[in-house]
Structures are given as structure tokens and as C-alpha cells.
Amino acid sequence: MRLRLQAITREEHLAFVRTRASASHMQVPSWGEVKPDWRAESLGWFDGAGQLVGAGLVLLRPLPKVKRYLAYLPEGPVIDWYAADLAERWLDPMLAYLKAQGAFSVKMGPPVVARRWSADAVKAAIADPAARRLGDAEATTYESAAFGVAERLRSMGWQQTEAGGEDGFAAGQPRYVFQVPFRGRSLEEIHRGLNQQWRRNIKKAEKAGVKVVRGGCDDLPAFYELYAETAERDRFIPRPLSYFQRMWTALTAEDPNRMRLYLAHHDGDVLAAATMLTVGEHVWYSYGASTSRKREVQPNNAIQWRMMADAHELGAAVYDFRGITDTLEESNHLLGLLRFKVGTGGEAVECLGEWDFPLNRLLHKALDLYMARR
């Protein structure tokens, strides 16, 4: 039976998210306030009994001079992706609704895992001179149901966004992430899962007197100073301070634990800082920043271990390090970041990536050309 889709209130949306063990931090109502250039709307799927059975945050970006929109559901929507009638019950009503709202194209990111690589498998792939990309290496586990979802999407006319991007990152949300499973593990077991270098660095930071503390909104400028330095060092374009201030205000108003800020201090200096996001049992290391000074006291390991310990205390089932490059070549400047994350003993995870549905092929193609030229 076809589900009914309609706009829902943020209260209804948030109540639904609270019933789920995991939902992306980009699929909660407050995320719309973080993106002021987009118009945000909460959508709900209702069954025949009037029960809310699915929800999604859609961001609508207007085209200049015309009332047509790109509709984007980052890492969502939160629906039954494995349903045999995925098109008829779930996605067709969404496309019809968004087309009526003036959308010319819909982009979404199914939160569906396709493959996983253990830490040992990733290390072996990095060491293999013949392996150029993680996706070419033998995975530890394959999620066969995920490939069925991908086939159903293709048969409906959805187009998978090319994952290329510079250094293996796509233009939207990352297709490859690194996660440390927490469910059913004590903090001691998680600590034993860290490699020797990680455990040594945590101890070194403790001996050196590195103190990791939780900060507040007033500490965001200190975070930002390190973040700007990190951007210059790692060659990426930084977001403005106002973005993080808006993020803090919106997310913590929705839930005081939705966003946390951590700072690593040593002898009066702030050497590293990071943000942590929580939705249900899923915790993300979101943004990280550090200075090149005093690296020998290992503030980055110290801050991550404190965040992992706090995430475990919050009842996290997974600690998510977010995006990783799938490029394994030594010349890649992001390979060091991958090695750092692999040291936690977690696993690399490939999701289905982002998918587009052109509702107006001419406007969709024009957008593709514009994005390719940026």
C-alpha cells in the first residue's frame, strides 16, 4: 500500500528520530538552521493507520531568478531502504511531492552500508603497491542487501553521483567513512583495540600534562584559530567562524548533547580542538583542528581518546570518524589521516553514496555543467 507523504512539524520529526537507534546529524530538524542558504522542510511518511513510519529533512536551494529548487536530503531520508516496494511506497511519493514544490532535481544519500574493511585489511591495502584505491581491495564483509537497494534505485531512474572528487572525496557527503564499533564493548576493550602507537601516544600526552576539557560557545574562536591554521596546512577552504557559531546555537538548542566542543590544553596553550555530534547511539567526530606546535605531546590522540570515552559513557554504539580518502597512494596528503584513524582498530565503511533524480533534465544538466566548472 502506498504511503502518504506530507510536511510535518519539527516536533513530530524530532519525536520520530528519537525512536531510532541511529539517524544522521544532517537528518534532524536543527540541521536546517545550520544552512541558511537553503529552505528546510521536514517530511513524514504515514501508513494507512496514520502512523508516522519515516521522516526526512529536505534542503531546498533556489536557482537564481526562477522559482525552481534543487532538493537535497543529505544522508537520508530515514526510511525502510530494504523494502521490496521501495519505489511505490517510499520514493515515488517523495518525488511527486518535491516536484509539486518546484524541485527540478532531487539528491539524496541513502544511509546504507555496502562494504566494510577491518583495520588489518586497510593496513594491508595501504602496504600493497598494486592497490591504488581502497575500493579495489578485498573487503572484509559485503552487505548483499545493499547491492539490491542500488539495483532498485537504478531501475527507478536514480543516477549514482560519481564518487571521484579530489583525493577520493565526493562533492557532497563522504562515501567512505571510518568507524569504531562500540556496541557490546567495554571502554577497556576499546582501549585494547587501539594499536600500540595510539596507546603509547595517549600515555605520553598524559605524562606531558595535556588536559582535555569541554568548551562552550565562547571557546569557538579558540577552536577557529586552530581550524584556520589546519586549513592552510592541509590545503582546504575553511568555513567561517559564523558557521560554527550557528551550528552550536541550533544544535544545542535542540539537544544539549547534540554538539560538544573539546579543547586540549598544555601549559596554557590550546594545541588541539574538535567538535563531537550525537544522535541516538551514533556519535561523530565532526571537525578537528590542531597547531603544528608541540606535536610531541600528542594532543590529537589525547583529545580523541577523551571524546571516545565520553561517547562510550553516552551509550554510543558507534564512534564515527567521518570521511576518509579511498586513495592509497603515498603521494596523497590525506593518507596520513587515514593511517591515524586506522590506528583505532575500527573499520573502513563504504556507503552507497549519493544519488540524483532529474525531474527536469534540462535544468539538471545545466546544474551539472555549472558544478563541473566551479
Side-chain angles (χ1 to χ4, degrees), residues 1-8 12-13 16-17 19-29 31-32 38-61 68-114 143-163 170-173 175 350-365 367-368:
M1 181 180 174
R2 190 183 176 103
L3 297 171
R4 174 171 54 88
L5 186 141
Q6 66 182 56
I8 57 176
E12 289 174 305
H13 188 172
F16 177 79
V17 168
T19 68
R20 315 291 289 196
S22 177
S24 172
H25 60 277
M26 298 179 203
Q27 283 296 304
V28 295
W31 192 252
W38 301 70
R39 178 167 66 84
E41 189 173 344
S42 292
L43 305 180
W45 283 257
F46 293 83
D47 63 14
Q51 184 77 23
L52 182 62
V53 292
L57 181 76
V58 61
L59 303 174
L60 297 158
R61 185 73 176 261
R68 304 302 295 274
Y69 302 89
L70 167 65
Y72 183 31
L73 295 98
E75 298 183 359
V78 184
I79 60 174
D80 181 5
W81 285 99
Y82 300 101
D85 50 0
L86 180 62
E88 297 82 0
R89 275 174 68 83
W90 297 96
L91 297 183
D92 287 350
M94 181 182 77
L95 291 174
Y97 179 89
L98 292 174
K99 187 174 184 178
Q101 297 295 305
F104 68 88
S105 185
V106 180
K107 180 184 286 289
M108 65 178 183
V112 175
V113 173
E143 306 290 345
S144 57
F147 295 96
V149 174
E151 284 306 311
R152 282 197 285 279
L153 290 175
R154 288 190 190 95
S155 69
M156 295 174 214
W158 288 87
Q159 303 167 2
Q160 191 169 26
T161 304
E162 286 299 317
Q173 304 312 314
R175 182 168 175 176
E350 179 192 15
C351 297
L352 285 187
E354 296 194 320
W355 296 70
D356 294 334
F357 194 99
L359 293 167
N360 180 311
R361 294 190 177 276
L362 188 63
L363 289 176
H364 178 84
K365 190 171 184 179
L367 177 70
D368 275 352

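Between Asp47 and Leu3, the closest side-chain pair of non-hydrogen atoms falls below 4.5 Å. Between Leu57 and Val28 there is no side-chain heavy-atom pair separated by less than 4.5 Å. Within the 4.5 Å cutoff, the side chain of Val106 has heavy atoms near those of the Leu95 side chain. The closest side-chain heavy-atom distance from Val58 to Gln101 is not below 4.5 Å. Contact annotation: the side chain of Met108 never approaches that of Glu354 to less than 4.5 Å [non-hydrogen atoms, C-beta and beyond]. Two residues are said to be in side-chain contact when any heavy atoms from C-beta on lie closer than 4.5 Å; Phe104 and Arg361 fail this criterion. Looking at heavy atoms from C-beta onward, Val113 lies out of side-chain contact with Glu350 at the 4.5 angstrom threshold. Between Leu86 and Ile79, the closest side-chain pair of non-hydrogen atoms falls below 4.5 Å.
A cation-pi contact, defined as under 6.0 Å to the ring centre and within 45° of the axis, links Arg4 to Phe46. With a 6.0 Å cutoff to the six-membered ring centre and a 45° limit on the axis angle, Arg39 counts as a cation-pi contact of Tyr69.
Residues Glu75 and Ser24 bring a donor and an acceptor atom of their side chains to less than 3.5 Å of each other. For the residue pair Tyr97 / Gln6, no side-chain donor-acceptor distance below 3.5 Å is found, with atom types taken as modelled.
How far CG of Leu43 is from NE2 of His13: 8.5 Å, rounded to the nearest 0.5 Å. Here CZ of Arg2 is found 5.5 Å from CG of Asp92. Values are rounded to the nearest 0.5 Å. From Asp85, atom CG reaches atom CZ of Arg152 across 9.0 Å, with rounding to the nearest 0.5 Å.
Of all heavy-atom pairs between Ala103 and Leu359, the closest is O-CD1, 3.5 Å. Nearest heavy-atom pair, Pro77 versus Pro111, reported as atom, atom and distance to 0.1 Å: O-CD, 3.9 Å. A pairwise comparison of heavy atoms in Arg89 and Trp45 identifies O-CD1, 3.9 Å as the closest pair. Across Ala40 and Leu59, no two heavy atoms sit closer than the pair CB-CD2, 3.8 Å. Closest approach of Trp355 to Thr161, counting heavy atoms only: N-OG1, 4.0 Å. Closest approach of Pro358 and Ser105 over heavy atoms only: CA-OG, 4.2 Å.
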Inset, instruction - Begin from the C-alpha positions of Met94 and Leu98 and carry the test side-chain contact (heavy atoms from CB on, under 4.5 Å) through to its verdict. - result: CA-CA 6 Å; Met94 181 182 77; Leu98 292 174; 3.8 Å; yes

Inset, instruction - Give the intermediate values and the outcome of side-chain contact (heavy atoms from CB on, under 4.5 Å) for residues Phe357 and Leu91. - result: CA-CA 11 Å; Phe357 194 99; Leu91 297 183; over 6 Å; no

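In this pair, Trp31 and His25 present their aromatic rings perpendicular. The plane angle is above 60°, beyond the 30 to 60° band.
In this structure a side-chain-to-backbone donor-acceptor pair under 3.5 Å is missing from Gln27 to Val17.
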